[in-house]
Amino acid sequence: DFALQLFAGLLVVQVFAEVLSRAPRLIIDQAHLVKKVVFPLPLLAWIATLSALVIGTIYLMIFLLASALWQGIEGYSVLAPIVLWLSLPMLLAASWFFAALGTFVRDLQQIASPLVTLLSFLGPVFYPLQALPEAMRAWVWLNPVTVPMENLRACVLLGQSPDWLALALYAFAGLGLALLAAQYFLRVQSR
């Protein structure tokens, strides 16, 4: 069971890692689109984010297959893709923010790897959330990987319904952050 718990955690972290590692160089690597063609640059973040989520969905299918072979199919496993895709606004926010910031801070991509390491060790990837003291759990819930990770584990491994309230709050918080990051991205783009 630990292997499946770990796989679920690493799956979510990998999706975030994909976005965080590509975002700082989105605009810099596409200089031909910026200088020679009129191209809507916010689409670059959409492409990177959707690409990461498609790869994450492929990993999720492997995870569902492994879970079905290991412990059988749980009733709520069909909701796992919805749980994963509800992280789209949070991923977009990160992509827009780091893409805009990456135009000023060229070495930002070097920070992405330690940031992903922080996300994984400060989130419940290698340990169950219940193993933490109650006072620390509130802080771990602020980690952007915790909500999708815990709900993915709940619906696939535990056969429980996802916490729809937590997922809704997470999606709306991600939407708010995405709107702020998009404004920042557009402000940087106009310079």
Side-chain angles (χ1 to χ4, degrees), residues 1-23 45-95 98 112-113 115-134 136-178:
D1 195 328
F2 177 72
L4 291 175
Q5 296 271 349
L6 184 63
F7 193 99
L10 291 176
L11 184 152
V12 175
V13 169
Q14 180 58 36
V15 171
F16 275 85
E18 179 75 20
V19 169
L20 291 175
S21 66
R22 288 182 61 188
W46 276 99
I47 292 167
T49 303
L50 291 175
S51 170
L53 278 171
V54 167
I55 291 169
T57 304
I58 293 169
Y59 292 153
L60 179 64
M61 295 304 143
I62 295 169
F63 171 60
L64 289 172
L65 178 65
S67 176
L69 292 174
W70 190 273
Q71 67 183 20
I73 296 175
E74 298 293 338
Y76 291 102
S77 293
V78 296
L79 299 175
I82 296 170
V83 169
L84 181 65
W85 279 77
L86 281 174
S87 61
L88 175 68
M90 193 69 73
L91 291 167
L92 261 176
S95 187
F98 283 106
S113 181
L115 185 61
V116 169
T117 303
L118 268 174
L119 284 176
S120 61
F121 281 108
L122 295 178
V125 176
F126 303 105
Y127 52 86
L129 193 59
Q130 293 75 21
L132 292 174
E134 189 66 38
M136 289 184 67
R137 285 185 204 168
W139 290 103
V140 173
W141 281 109
L142 294 176
N143 189 332
V145 300
T146 301
V147 172
M149 187 183 308
E150 285 297 307
N151 283 289
L152 194 64
R153 287 174 176 161
C155 67
V156 175
L157 299 176
L158 303 177
Q160 301 171 351
S161 174
D163 185 355
W164 293 111
L165 178 62
L167 284 169
L169 290 173
Y170 178 76
F172 283 122
L175 189 60
L177 289 173

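Not measured: the values here are computed from a predicted model.
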For Gln130, side chain to side chain donor-acceptor pair (under 3.5 Å) partners two or more places apart: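 With sequence neighbours excluded, Gln130 shows a side chain to side chain donor-acceptor pair (under 3.5 Å) to no residue whatsoever.
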Considering only heavy atoms from C-beta outward, does the side chain of [X] approach that of [Y] to under 4.5 Å?
X	Y	result
Val147	Ser87	no
Val156	Val83	no
Ser67	Leu157	yes
Met90	Pro148	no
Leu152	Leu60	yes

Minimum heavy-atom distance Pro124-Met149, with the two atoms named: O-SD, 3.2 Å
Any donor-acceptor pair under 3.5 Å from Thr49 side chain to Trp46 backbone: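 A pair under 3.5 Å: no.
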Any donor-acceptor N/O pair, Arg153 side chain to Leu158 backbone, under 3.5 Å: no
Residue pairs, two or more places apart or on separate chains, that pass ring pair (Phe, Tyr, Trp, His ring centres under 6.0 Å) and touch residues 50-79: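 For residues 50-79, and leaving out neighbouring residues, the ring pair (Phe, Tyr, Trp, His ring centres under 6.0 Å) pairs sorted by first residue read Phe7-Phe63.
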Phe172 atom CZ, over 12 foreign heavy atoms within 6.0 Å: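 Result for CZ/Phe172: open.
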CE/Met136: more than 12 non-hydrogen atoms of other groups inside 6.0 Å: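 Open: at most 12 neighbouring heavy atoms sit under 6.0 Å from CE of Met136.
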From CG (Leu11) to CD1 (Ile55), nearest 0.5 Å: 11.5 Å
Leu79 CG to Leu86 CG distance, which is reported to the nearest 0.5 Å: 10.5 Å
For residues 163-170, dump all side-chain donor-acceptor pairs below 3.5 Å to protein atoms at least two apart in sequence or in another chain.
| from | atom 1 | to | atom 2 | distance (Å) |
| --- | --- | --- | --- | --- |
| Asp163 | OD1 | Leu165 | N | 3.4 |
| Asp163 | OD1 | Ala166 | N | 3.4 |
| Trp164 | NE1 | Ser161 | OG | 3.3 |
| Tyr170 | OH | Pro144 | O | 2.6 |

Working for side chain to side chain contact (heavy atoms under 4.5 Å, CB included), residues Trp141 and Leu129: CA-CA 9 Å; Trp141 281 109; Leu129 193 59; 3.2 Å; yes
Candidate pair Trp85 and Leu53, rule side chain to side chain contact (heavy atoms under 4.5 Å, CB included), full reasoning: CA-CA 7 Å; Trp85 279 77; Leu53 278 171; 3.7 Å; yes
